[in-house]
Structures are given as structure tokens and as C-alpha cells.
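This report refers to the structure that appears directly beneath it.
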Number of protein chains: 2
Amino acid sequence: MTGIRRNRATLHDVAKAAGVGTTTVSRVINGGRYVAPEMLARIQRVMAELDYQPNEAARSLKSERSRTIGLIIPSITDPFFAQFAAVAEVHARRQDYVVILLTSQDKAQFELDDLQIFERHRIDGLLFVPPRSGTKALLQNLRRLSVPIVSFDRPIAGREFSSVTSDNYTAALNAVRHLLDHGRKRILCLGGDPNLYTIRERVRGATSALTAAGREALVEMDASEYQAAEAAIMKHMSAKGKVDAIFGLYNQSTILAYEVLQNRKIPMPERVSLIGFDDFALAGTLRPSITVVKQSIEELARTATQLLLNHMAGEITAPQQIEIASRLVVRQSCGCPKAG
Amino acid sequence: MTGIRRNRATLHDVAKAAGVGTTTVSRVINGGRYVAPEMLARIQRVMAELDYQPNEAARSLKSERSRTIGLIIPSITDPFFAQFAAVAEVHARRQDYVVILLTSQDKAQFELDDLQIFERHRIDGLLFVPPRSGTKALLQNLRRLSVPIVSFDRPIAGREFSSVTSDNYTAALNAVRHLLDHGRKRILCLGGDPNLYTIRERVRGATSALTAAGREALVEMDASEYQAAEAAIMKHMSAKGKVDAIFGLYNQSTILAYEVLQNRKIPMPERVSLIGFDDFALAGTLRPSITVVKQSIEELARTATQLLLNHMAGEITAPQQIEIASRLVVRQSCGCPKAG
DNA sequence: CTGTTAGCGCATTCAT
DNA sequence: ATGAATGCGCTAACAG
């Protein structure tokens with residue numbers, strides 16, 4: 001539907017109609033302090049009558065605050081980032097900020113483009129997921145923005161900006177320990193982009209646990225497609241030291257591992273047990289249900305947003321690196337005798 | 001990280017540094033028409049040197065266009081709406097629009113709040129999912145916005161605004177026919193909020209198919225929790241005319257139906273077959289895999305966004321009601337002898 | 001407590 | 001093809 005923009009009432013119109021100066025009306029808009037109660041009531045009534053809505057562009061131009069927070073995530077269809085966006089929106093809104101959403105497809109160039117758009121829109125703060133490979137250009141552009149910034153899920157090299165991440169290392173270490181405690185000896189870490197900070201940390205954690213237990217760290221990164229996952233798994237199944245457990249480094253590889261084991265009729269968890277990093281819908285519904293490392297997305301997101309808002313309010317000035325603990329959600333696929 | 005806002009270069013600074021008037025610089029920003037080639041190059045160089053980025057607030061104030069599109073969806077964590085948001089963002093961006101995301105929790109009051117926020121930000125167009133119950137206040141506020149509007153997934157009463165929806169009625173009708181073709185005689189339609197347009201249409205379509213076939217329409221709307229779904233299903237399983245098929249009216253009820261049948265060890269699809277409305281991750285991975293009605297979300301979203309952009313460009317003025325066809329994705333749960 | 005005034009940065013007549 | 005001048009709607013001194 002198309003609509004002709006009517007003549008909207010301006011602050012001046014309100015002032016005139018109420019028989020007061022513009023300052024007073026402006027004060028009412030901004031909380032009504034130092035305004036006589038009757039005056040305030042009158043002006044509010046006039047504003048309602050005229051359907052007055054302040055023009056944010058004008059406010060922004062004058063006040064140098066756009067009441068806007070920029071959000072850059074790789075993709076909004078990834079449930080992990082979607083939940084981040086959801087939480088950020090809610091908390092930002094509580095402080096009268098509005099979220100402008102831009103996605104980066106995890107591409108460095110897109111991310112730079114996004115930053116430029118945000119520069120033009122003069123956002124007051126930025127929440128963002130850094131691209132796989134942080135370039136020097138990225139750092140430059142972040143500085144140029146000259147607003148508070150908090151990175152999410154992955155830190156930015158240099159500790160120059162605040163970040164909120166999961167305890168990928170520790171969580172992976174604990175997950176693998178859990179498999180070792182089940183008596184598993186040959187554990188395959190499967191899948192994930194090795195350029196990703198989170199994946200690298202998880203591999204590092206898993207490797208730590210394995211070497212500490214005197215076990216070999218088996219890692220196959222290429223498992224983003226069913227074929228590749230199957231090849232990787234079957235390679236290790238037919239080797240002399242057959243694997244007896246798989247640690248899925250992220251959602252996709254966990255699900256593919258599950259499918260491969262199902263299709264190959266390899267008993268799970270009896271013959272091969274499975275733990276995945278990241279919970280997912282239906283992880284508890286599949287048979288066997290899948291044991292996973294569950295990140296506290298809500299807490300991650302809330303922490304990041306609050307930290308940003310604190311920075312924006314000037315309450316915190318030094319950059320902070322915050323890590324949020326994940327927990328193991330024990331289901332059936334690891335070998336624990338639990339119900340689904 | 002906190003940052004002090006540096007003195008950003010303004011259009012005036014650029015003009016001065018380039019030794020030209022502000023008009024010429026403004027022309028360069030807006031496409032560079034009617035500017036001598038050398039001049040254009042020089043100004044662009046100066047802009048780059050000064051890291052000049054136009055202030056959108058000022059442009060908006062002056063031009064009455066914010067280069068902003070408002071997007072209201074019930075929730076960003078719902079994969080259906082997330083994909084809508086993703087597609088909208090991409091297409092909006094191509095036309096140099098930025099998307100401001102607001103969620104409504106499917107609450108009428110939130111939606112009104114969202115509209116007010118958008119009114120202040122002077123969005124140039126609105127994409128939105130109407131709340132369950134459209135009030136007259138909603139219509140008023142939509143009109144007051146006085147910008148092009150396209151509703152998504154659900155129409156707005158009155159055909160006053162454009163809408164893009166799925167062919168819920170027809171798709172449901174076809175799905176139930178498919179079950180009837182399999183020789184199923186007692187089909188239970190399960191779950192969904194009866195206040196939702198989409199659900200009502202699906203029930204209507206299913207009912208149509210059933211009555212046309214001389215079958216009774218069995219409908220149980222209360223199945224949003226496992227307990228309720230189980231009670232509803234088992235009630236119809238133990239009745240004298242046992243159900244032999246279930247039509248899940250939306251994701252959640254389909255999944256719950258699947259779980260109930262699994263837990264009760266009711267052979268699927270032999271004893272009871274299942275079709276769900278809406279595809280979902282792992283629908284093809286579960287055993288048996290689930291046959292679903294798959295909406296063309298990408299097409300829905302693209303159509304809605306393009307329609308809005310067309311309205312905004314003034315290329316289309318009359319409101320349009322567009323319906324996008326869904327298709328049946330045949331897997332195992334309906335009884336078809338297909339591989340998973 | 002309240003009004004007057006002066007820009008914020010830009011797009012746009014209107015000249016030239 | 002270019003420049004000077006005006007004002008978009010609002011906030012923030014400042015004066016009262």
C-alpha cells in the first residue's frame with residue numbers, strides 16, 4: 001500500500017498550540033523535568049491531539065545520539081545468532097535503543113560494508129560477530145566508528161575491544177573427559193572451519209584432554225557435507241585402531257555423524273558414542289538422544305548487550321574479555337544410562 | 001570498549017578542502033550527476049582522505065527519507081520469520097535501505113509500540129506480520145504511519161494494505177487429499193492457535209478435503225505441550241473409530257505427534273501416518289522421515305520485500321494480495337514407499 | 001520554571 | 001556545471 005506523507009505536527013506546532021515555548025515542549029519529550037505539572041499535562045494532551053511524534057532524525061542531528069545500536073551477525077537464520085539478536089533487541093529496547101540489523105555472511109568485505117553503513121547512520125554502539133579472519137582494515141574501521149563496541153562469540157585480536165565468548169576450550173575439554181570417563185579410548189573430533197576461533201578453541205580443549213589422558217588426538221575438519229563426514233568417519237572406523245567415540249565440533253558435524261552412524265547401522269552409543277558441541281532442536285527427540293555441550297546463549301547475549309549499554313553510558317571504560325560457562329547436557333548418545 | 005567521538009568531517013569540510021561549494025559535494029554524494037569528471041574525482045579523493053561519511057540523520061531531516069525499512073516479526077528465533085528477515089535484509093540493502101528490526105511477541109500492544117517507534121524514526125516503508133487479533137487501533141496506527149506497508153504471512157483485515165501469504169488453504173487441502181489417497185479414513189488435524197489466520201486457513205482446507213471425501217473432520221487444537229498432544233492423540237486412538245493419520249497443523253504439533261507415536265510404539269506410517277505443515281530441520285533425518293508441506297519462504301519473503309520496494313518507488317500504488325504456492329515434500333511418514 | 005536563539009549537517013531552489 | 005543561501009525539526013545554552 002502506498003501512502004502520502006501527511007503534514008506531521010512538529011515541536012513548534014505543539015508549542016504554538018499549547019501556547020508555550022519550544023524548550024518546554026522539548027523538555028516534556030525528554031522526560032518532563034523542570035516542567036510544572038499542569039504545564040506537563042497540558043502539553044501531553046496537545047501532543048496526543050496532534051498525534052505528535054518527535055522526529056528522531058532531528059533529535060539525532062542535534063544531540064549527536066541516534067538512539068540506535070548496530071548489530072552485525074554472520075546470518076540471522078543460524079539459531080545461535082538469531083537468539084543473540086532476539087536478546088539484544090529486547091535489552092536495547094528497554095533503554096530506548098533500536099537495533100539496526102546487518103548480516104555479514106561471515107565475509108570480511110561485507111563486514112566492512114556494514115561498518116560503513118553504520119558510520120553513516122551514526123549508531124551509538126555496536127554489537128558484532130567478527131569475521132573469520134580479522135584484517136587490519138577491520139580494526140581501523142572499528143576505531144573510526146569511535147563508539148563503544150562489544151564483540152560476540154569471537155574476540156577481536158588485540159584486546160582493544162570488549163568481547164563476550166563461550167568457554168569453548170574448557171567445555172570441549174570437559175566433554176572429551178566425559179567420553180574418556182566412559183572408557184572411550186579413540187575419540188574423533190569432527191568437522192568445523194579451522195579458521196573459526198570457536199572451532200580452534202574446541203579442538204584445543206579436546207586435544208588437551210586427550211593428550212593428558214595419553215590418548216591420540218584424532219581430528220578431521222572436513223565434514224560439512226554428508227559425503228565428507230562419512231568418508232572421515234569410515235576412514236577411522238576401518239583403521240586398525242577403530243574409533244569408539246565422536247566429538248562433533250559443531251551442530252552440523254554432530255548431525256552428520258549421527259546420520260552416518262544410523263545409516264551404517266553402527267550401534268550408538270554401544271559401539272560408538274557421540275557428543276556434540278551446541279544443542280539443537282530435536283537433539284533430545286532423536287533416538288538415541290544426543291548428549292551435547294550447551295552454550296548459555298541467553299546469558300552470552302544478555303551479558304554482551306548489557307556490557308555494551310554500560311560502555312555507552314560511560315559506566316565502564318576499560319575493555320573487558322568475558323567468558324561464559326557452558327554445560328554438558330547428558331542424554332543417551334554418550335553412553336550414560338539416561339532416559340530421553 | 002568506549003570511544004570518544006572524534007570530530008568527523010562534514011560536507012562543509014570536504015567542500016572547503018576541495019575548494020568547491022557544498023552543492024557540488026552534495027551532488028557527488030548523491031551520484032555525481034552534473035559534476036565535471038575531474039571535479040568528481042578530486043572530491044572523491046578528498047572525501048576518502050578525510051574519511052568523510054555523510055550523516056544520515058542530516059540527510060533524513062532534509063530529504064524526508066530515512067533510507068530505513070521497518071520490520072516487525074513476532075520473534076526472530078522462529079526459523080520461519082528469521083528467514084524472512086534474512087531475505088528482507090538482503091533485498092533492502094541492495095536498494096540502499098537498512099532494516100530496523102523490532103519484534104512483537106505476537107502481542108497487539110507490542111506491535112503498537114513498535115509502530116510508534118517506527119513513526120519516530122520516520123521509516124520509509126514497513127514490512128510486518130500482523131498480530132493475532134487485529135484491532136482498530138492497529139489499522140489507525142498503520143494509516144498514521146503514512147508509508148508503504150506490506151504484511152507478511154497474514155493479511156490485514158480490509159484489504160487496505162498489500163499482503164503476501166502462503167496458500168494455506170490449498171496446501172492443507174492437498175496434504176489431506178494425499179492422506180486420503182493413501183486410503184486413510186480417519187484423519188486428525190492437530191494443534192495450533194485457532195486465533196491465527198494461517199491455522200484457521202489450514203483447518204479450513206483440511207476440512208474441505210475431508211468433507212468432500214465424506215469423512216469426518218477431527219480437529220484438536222490444544223497440542224502445544226507434550227501432555228496435551230498425547231492426550232489428544234490417545235483420545236482418538238482409543239475411540240471406536242481409531243484415527244489412522246495425523247495432520248500436524250504446524251511445526252510444534254507435528255513434532256509432538258511424532259514423539260507421541262514413537263513413545264507409544266505406534267507403527268508409523270503403517271498404523272498411523274503423519275504429514276506436517278511446515279518443513280523443519282531434521283524432518284528428513286528422523287526415522288521415519290516426515291512428509292511435510294513446505295512453504296516457499298524465500299519466495300514469500302522476496303515477493304513481500306520487492307512489493308514493498310515497488311510501493312516505495314511509487315511503481316505500484318494499489319494494494320495487492322499475493323498468495324505463494326507451497327508444495328508437498330514427500331518423505332516416509334505419509335506412507336509413501338520413499339527413501340529417507 | 002520558561003522562552004529566545006542559534007546551529008547540528010545536509011539537500012535544494014535559484015542564480016549564474 | 002557550480003555556488004550562495006535557506007531551512008528541515010530539534011536541543012541546549014543563556015537569559016529571565
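Just so you know, these numbers use all the heavy atoms, side chains as well, and skip hydrogens, waters and symmetry mates. Chain letters run A, B, ... following the sequence lines, proteins first and then strands; every chain starts at 1.
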For the backbone of B:T22 and the side chain of B:S26, can you confirm whether one donor and one acceptor N or O come within less than 3.5 Å of each other?
no
Would you check if the side chain of B:R42 reaches a backbone N or O of B:A18 as a donor-acceptor pair within less than 3.5 Å?
yes
Boundaries of the DNA chain D segment in contact with chain B, non-hydrogen, under 4.0 Å
D:dA1 to D:dG9
Report the residue (B:Y34 or B:L61) whose heavy-atom-nearest nucleotide on DNA chain D is the more 5′ of the two.
B:Y34
Let me see the working for A:V147 and A:D124 under side chain to side chain contact (heavy atoms under 4.5 Å, CB included), right down to the final yes or no.
CA-CA 6 Å; A:V147 297; A:D124 296 329; 5.8 Å; no
Are a donor atom and an acceptor atom from the side chains of A:S163 and A:Q321 found within less than 3.5 Å of each other?
yes
Are the side chains of B:L11 and B:V14 in contact, using a 4.5 Å heavy-atom criterion?
no
Start with the C-alpha distance between A:D96 and B:R120, add both sets of side-chain angles, then the distance that settles salt bridge (Lys or Arg N to Asp or Glu O under 4.0 Å), and finish with yes or no.
CA-CA 12 Å; A:D96 277 324; B:R120 296 174 167 222; over 6 Å; no
Given protein heavy atoms under 4.0 Å, the one-letter contact record of nucleotides 10-16 of chain C, with B base, S sugar-phosphate only and - none, is simply BBB----
Sequence neighbours excluded and cut-off under 3.5 Å, please list the side-chain donor-acceptor pairs for residues 68-92 of chain B, or say none.
from: B:T68; atom 1: OG1; to: B:S66; atom 2: O; distance (Å): 3.3
from: B:S75; atom 1: OG; to: B:T77; atom 2: N; distance (Å): 3.1
from: B:S75; atom 1: OG; to: B:T77; atom 2: OG1; distance (Å): 2.9
from: B:S75; atom 1: OG; to: B:D78; atom 2: N; distance (Å): 3.4
from: B:D78; atom 1: OD1; to: B:F80; atom 2: N; distance (Å): 2.8
from: B:E89; atom 1: OE1; to: A:T103; atom 2: OG1; distance (Å): 2.6
from: B:E89; atom 1: OE2; to: A:T103; atom 2: N; distance (Å): 2.9
from: B:E89; atom 1: OE2; to: B:R93; atom 2: NH1; distance (Å): 3.2
from: B:H91; atom 1: ND1; to: B:Q306; atom 2: NE2; distance (Å): 3.3

Charged N-O contact under 4.0 Å between B:E56 and B:R59
yes
